[in-house]
Amino acid sequence: MNIEDLIIKGLSAAIEQLYGTSADVDVKIEKTKPIFEGDYTFVVFPLVRRSGKSPEATAQELGEVVLNNTPEISKFNVIKGFLNFSIAPSYWAEALLSFDAQSNIPRKNEKVMVEYSSPNTNKPLHLGHIRNILLGYSIAEIMNAGGYDVVKANLINDRGIHICKSMLAWQRFGNGENPQSSGLKGDHLVGKYYVVFENKLQEQTADEVAAALEGRWSCENENIQKRYQDAFEKLGQAKEEKQISKLKGDIKDLVRNQSELMQTCQEMLRQWEAKDSAVIELWSSMNGWVYEGFNHTYKRLGVDFDAMYYESNTYLLGKDIVQEGLEKGVFFQKADGSVWIDLSSDGLDEKLVQRGDGTSVYITQDMGTADLKFEEHGINRSVYVVGNEQDYHFKVLFLIMSKLGRSYAPGMYHVSYGMVDLPSGKMKSREGTVVDADDLLQEMYDTAKAKTEELGKTEGLSDEVLHELYNRLSLAALKFFILKVDPKKRMLFNPEESIDFQGDTGPFVMYTYARIKSILRNAQFEGCQIKTDLVLHATEMECIKVLNEFKTVLAGAAEEYNPAAICQYVLDLAKSYNKVYNEVSILKESNEDLRNMRLQLALQTSQILQRALRLIGVETVERM
RNA sequence: GACCUCGUAGCUCAGCUGGAUAGAGCAACUGCCUUCUAAGCAGUAGGUCACAGGUUCGAAUCCUGUCGGGGUCGCCA
C-alpha cells in the first residue's frame, strides 16, 4: 500500500472513531505546499459541523488519533483548518526498497479500440494530422499500460470527390508522372495534383464566378438556378461580413460545381462506384502511392495500427441501419425520400442520415462502421480521436446509436482535440500555410543534429548511433511539445520558437535519463539490497514520493484520455531527480549502504522515466 | 440568430471533481563546470487568473451575465 492510501486509511479510521462514521465523507489528501511544513495535507473544514469544534481543534484531535494509529507518520501540525502530516524520514528508504518500477497495473479484461489518424488520401499529412496521430498513439499506449486491451485502428478515407480531383488532374496534366520518375514521395505527388486541380478550377471558373457575384449567371438546371437566385438575393440583403463571405462562398461553389471540370469529376466518382475498371485501376495505383508515403511518415513517427478500415469498403455500410431505424421509428422519411432523425428533444436539430436518392452521408457510414468495429473486435469501448470541429457530429452519432438500442453506445467516446494554430493564424492548405509533416520532421532532425554537434559531447559514437540519436531527440522534442498541452485546447505552434531542447522538453527528460545511465554504467550497478535505516536527503525523499505517484498518474491519464498528464509527470520526476543529482554524490560516496541506496534510486527513476516516456512515444538514449 | 468551446506572467503552457501566499519553461538579469554529462542546478524580476455579479467558512476552479478569440448549426467528409 502506498503512503497516500495509508494516510487516507488512518484518517478514515480516525474520523470513524471520533465522529461515528466516515462513510459519507470523501477523505482525500493532497501534497503539502512547499511553503508549509509537512508532506501531506488534509483539509478539515468539511468536518467542523460534525465535530462541533473549531477547525483548529478538529484538526488537532484528528491529527492526534492518526498519529497514534499510523506509524509511518512522525508528526503533524495544524494551521487554521489544514492538518499537515510529516512522514517519518525512515519510511522513505523502505518505500524505495519496496518500490518496483516494472510492476504493472492489473489487466481489466476490457477491450478498447482507439481510432486515430484517419487521413484522406488526396493530400500529404500536415501538423494538424501530427497532433491527431501523436494523441491517438499515446492514448492507446497509456490505456494499454492502464490495464486495457487496446486495438489501434485507422479508418482511411480513400474514396470520394476529393480523391477524384487528384485523379482527374493527374490524368489531364500529369504526363504519366509517378513517384519514381518525379522523385516525389507518393502522398506529395498526389497532393500536388490535388492543388493542380484546385488551381485549374479556379482559373477556368474565374470569369463565371465574377459574373455570378454580379447577378449575371444562369444555369439550365432549374434546381441549381433557383438555389443561385436565392443565394444572390440573400447576398443583396446581407449586412454582416461573415454572412456575406459565406454567401459568396456558396455562390462560388454553386458555379464551380457546374463547370466542366467538376462535372467530369462527378462523373468519375459515379464510374468509380460502378466499378469502371479504368477508373478503379487509376484509383488503386494513385492510392498505392499515397499509402507508401503515409507508411513512411507513420514509421518515422514511430506509430502503428492493428486494424485498418477503408472507406472504399465501408461506405455502403449503415444503409441497413437506416432501414432498421425507420422500422423502429427512430428515423423518419421526408416526402423526397430523405431519411432524418429528430433530435430536438435532446437539444439538437434534425439531422439527415440518408439522402433522398438513397445514397449515404458521412454519418450513415459511421453508424455502419460502429457496428462493424464492435462485432469484429469484440470491444467494450470505442474511442474516436477526431478534431473538435466534429463535436456535433459525434454527439449526434452517439445519440443515434443509443436510440437504436445499441448496448455498446455508452462505450463510445470522442477524444475531441483543438486545432494547431500558426503565428499567422489557422493553417489553410489552400493558402499554402500548412506545415508539412515530412518537412517538419526533417527540420527537427537537422536542428537536433546541429544542436548536438554544437555541444560536442558525442565523440566516439558511430554514425549509426548518431543518426538514431538525432532521430530520437527530434521526435522527443516534437512529441513532447505537442502532447504536453491539454488535448482539448487549441495550441500554437511557432516553427521558429516552439521546438526547444531546453527547459520543459522531451530532450530535457532524455538528458536526465542519459545522465543516470552514465552513473549506473560507471558503477556497474544492477540492483541490490539496501538498508532501510539510512538518513535520506530531502531531495531524495521528494523524489521517492514522486516515483510513488506514477501509478496514480497513469491510471488518471488512462481514464481521462490525457497524455498531457504523463508529460507533466515525467517533467516532475526529471526535475525532482535533477535536484538529487546536484545535491548528493553517488560514485564518491564512501558509505556503501548510502551509495547503494542512491544507486537504487537512480535505477528506479531511470526505469520509470523510460516507461513513462514510452507512453508518449519517446525513446530514450544511453548517451547524448 | 442558436448552441459548443477557450481567455492565467512579455511569449508558450500547468493548476480547474472548490482549499493556505496562483506554478513551470522560454525570453531578461545573477551565480555554479580541476568534482557522477552545464541539453543541468540555484536565484532575481515578472500576475486585477478577460470583466461584472452570485453561491461558499473559502473561487483561477462552480453558477449567471458581458466582452474577446475559435468552432458548429451543409443532401462536404
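Taking the six-membered ring for Trp and the full ring otherwise, Tyr362(A) and His393(A) have centroids separated by under 6.0 Å. No close placement of the Phe82(A) and Phe36(A) rings is indicated, their centers lying 6.0 Å or farther apart. Ring centroid separation for the pair Tyr315(A) and Trp272(A) comes in under the 6.0 Å cut-off.
Atoms NZ (Lys484(A)) and P (G23(B)) sit 19 Å apart, rounded to a whole Å. Rounding to whole angstrom units, NZ of residue Lys489(A) and C1' of A60(B) are separated by 11 Å. One atom, CG of Asp504(A), and another, C1' of C11(B), lie 14 Å apart when rounded to the nearest Å. For the pair Asp391(A) CG and C6(B) P, the interatomic distance rounds to 10 Å; values are reported in whole Å. Distance, Leu343(A) CG to C3(B) C1': 14 Å, rounded to whole Å. Nucleotide G19(B) holds its P atom 17 Å from the CG atom of Leu83(A), rounded to whole Å. Rounded to an integer number of Å, the gap from Gln266(A) CD to C76(B) P is 9 Å. Regarding Met491(A), its CE atom lies at a distance of 9 Å from the C1' atom of U12(B), rounded to whole Å.
At the heavy-atom level, Val43(A) lies under 4.0 Å from base atoms of the strands shown. Across all strands shown, Val584(A) has heavy atoms under 4.0 Å from base atoms, whether or not it also approaches the sugar-phosphate. Residue contacts shown for Glu622(A) include a base, since a base heavy atom lies under 4.0 Å away. Asn84(A) comes within contact range of at least one nucleobase, with a heavy-atom separation under 4.0 Å. Residue Met624(A) is classed as a base contact, given a heavy-atom separation below 4.0 Å to a base. Using a 4.0 Å heavy-atom distance criterion, Lys28(A) is classed as a sugar-phosphate-only contact. Within 4.0 Å of Ser498(A), counting heavy atoms only, lies no atom of the nucleic acid at all. Note on Thr512(A): nothing from the nucleic acid sits closer than 4.0 angstrom, heavy atoms only. The residue Glu311(A) sits close only to the backbone: its heavy atoms come under 4.0 Å of sugar-phosphate atoms, none of a base. Using a 4.0 Å heavy-atom distance criterion, Leu473(A) is classed as a base contact. Contacts of Leu492(A) with the nucleic acid, taken as non-hydrogen atoms under 4.0 Å apart, involve only primed sugar atoms and P, OP1 or OP2. Contact annotation for Asp486(A): backbone-only contact, meaning every heavy-atom pair under 4.0 Å involves sugar-phosphate atoms and none involves a base.
Candidate nucleotides G19(B), U21(B), C75(B) were compared by shortest atom distance to the side chain of Pro46(A), and G19(B) ranks first. Listed candidates were U37(B), C41(B), C75(B). Nearest to the side chain of Trp340(A) is C75(B). Closest to the side chain of Lys575(A), out of U37(B), G25(B), A77(B), is G25(B). Checking C36(B), U21(B), C41(B) against the side-chain heavy atoms of Phe508(A) singles out C41(B) as nearest. Here C36(B) is the nucleotide among U37(B), C36(B), G19(B) with the atom lying nearest to any side-chain atom of Leu587(A). For Phe36(A), the listed nucleotide lying nearest its side chain is U21(B); candidates were A77(B), G40(B), U21(B). Among the nucleotides A77(B), C26(B), A14(B), the one closest to the side chain of Asp500(A) is C26(B). Minimum atom distance to the side chain of Gln568(A) is reached by A14(B), of the listed C36(B), A14(B), U72(B). The nucleotide whose nearest atom lies closest to any side-chain atom of Phe45(A) is, among G19(B), U37(B), C75(B), G19(B). Across A20(B), G71(B), A14(B), the shortest atom-to-atom separation from the side chain of Glu389(A) is found for G71(B).
A donor-acceptor contact under 3.5 angstrom links the side-chain atoms of Asp336(A) to the base of C75(B). Residue-to-nucleotide contacts include no donor-acceptor pair under 3.5 Å from the side chain of Thr32(A) to the base of A20(B).
Taking atom P in both A60(B) and G54(B), the straight-line distance is 15 Å, to the nearest Å. A distance of about 16 Å separates the P atoms of A14(B) and A24(B), rounded to the whole Å. Nucleotides C41(B) and G25(B) have their C1' atoms positioned 15 Å apart, rounded to a whole Å. The separation of U8(B) from C62(B), taken at their P atoms, amounts to 15 Å, rounded to a whole angstrom. Of the P atoms belonging to U44(B) and C49(B), the separation is 22 Å, rounded to the nearest Å. C4(B) and A42(B): their C1' atoms are spaced 46 Å apart (whole Å). Nucleotides A50(B) and C6(B) place their C1' atoms 11 Å apart, quoted to the nearest Å. On the P atoms, C73(B) is 24 Å away from G65(B), given to the nearest whole Å.
Residue Phe42(A) forms a side chain to side chain contact (heavy atoms under 4.5 Å, CB included) with just one option from Thr32(A), Ile8(A), Ile29(A), and that option is Ile29(A).
Here Phe82(A) does not pack flat against the base of G19(B), since the 5.5 angstrom centre distance and 30 degree tilt limits are not both met.
A donor-acceptor pair shorter than 3.5 Å can be found between the side chains of Asn120(A) and Asn157(A). Counting only N and O atoms by type, the side chains of Asp39(A) and Ser86(A) include no donor and acceptor under 3.5 Å apart.
In this structure, C33(B) is classed as syn because its glycosidic torsion stays within 90° of zero.
Of the side-chain N and O atoms in Arg355(A), one or more sit less than 4.0 angstrom from OP1 or OP2 of C76(B). A close approach under 4.0 Å does not occur between any side-chain nitrogen or oxygen of Lys488(A) and OP1 or OP2 of C4(B). Using a 4.0 Å cut-off, some side-chain N or O of Asn578(A) falls inside it from OP1 or OP2 of C41(B). Regarding contacts with the backbone of U37(B), a side-chain N or O of Ser518(A) is found under 4.0 angstrom from either OP1 or OP2. Considering only side-chain N and O atoms, Arg515(A) lies under 4.0 angstrom from the phosphate OP1 or OP2 of A38(B). Close to A20(B), at under 4.0 Å from its OP1 or OP2, lies a side-chain N or O of Lys33(A).
Tyr384(A) and Phe398(A) have tilted rings, their planes meeting at an angle from 30° to 60° on a 0 to 90° scale. The aromatic rings of His414(A) and Phe394(A) are tilted relative to each other, their planes meeting at an angle between 30° and 60°.
Geometrically, Lys451(A) does not engage Tyr470(A) in a cation-pi contact, judged by NZ or CZ lying under 6.0 Å from the ring centre and within 45° of the ring axis. Geometric assessment of Lys351(A) against the ring of Trp340(A) yields a negative cation-pi assignment under the 6.0 Å and 45° thresholds.
At least one donor-acceptor pair under 3.5 Å links the side chain of Thr512(A) to the backbone N or O of Phe508(A). Side-chain N or O atoms of Glu589(A) include one that pairs as donor or acceptor with a backbone N or O of Asn591(A) at under 3.5 Å.
Scanning RNA chain B for stems, defined as runs of 3 or more consecutive Watson-Crick or G-U wobble pairs whose donor-acceptor distances all fall under 3.5 Å, gives the following ranges: B:1-7 with B:67-73, B:10-13 with B:23-26, B:28-32 with B:40-44, B:50-54 with B:62-66.
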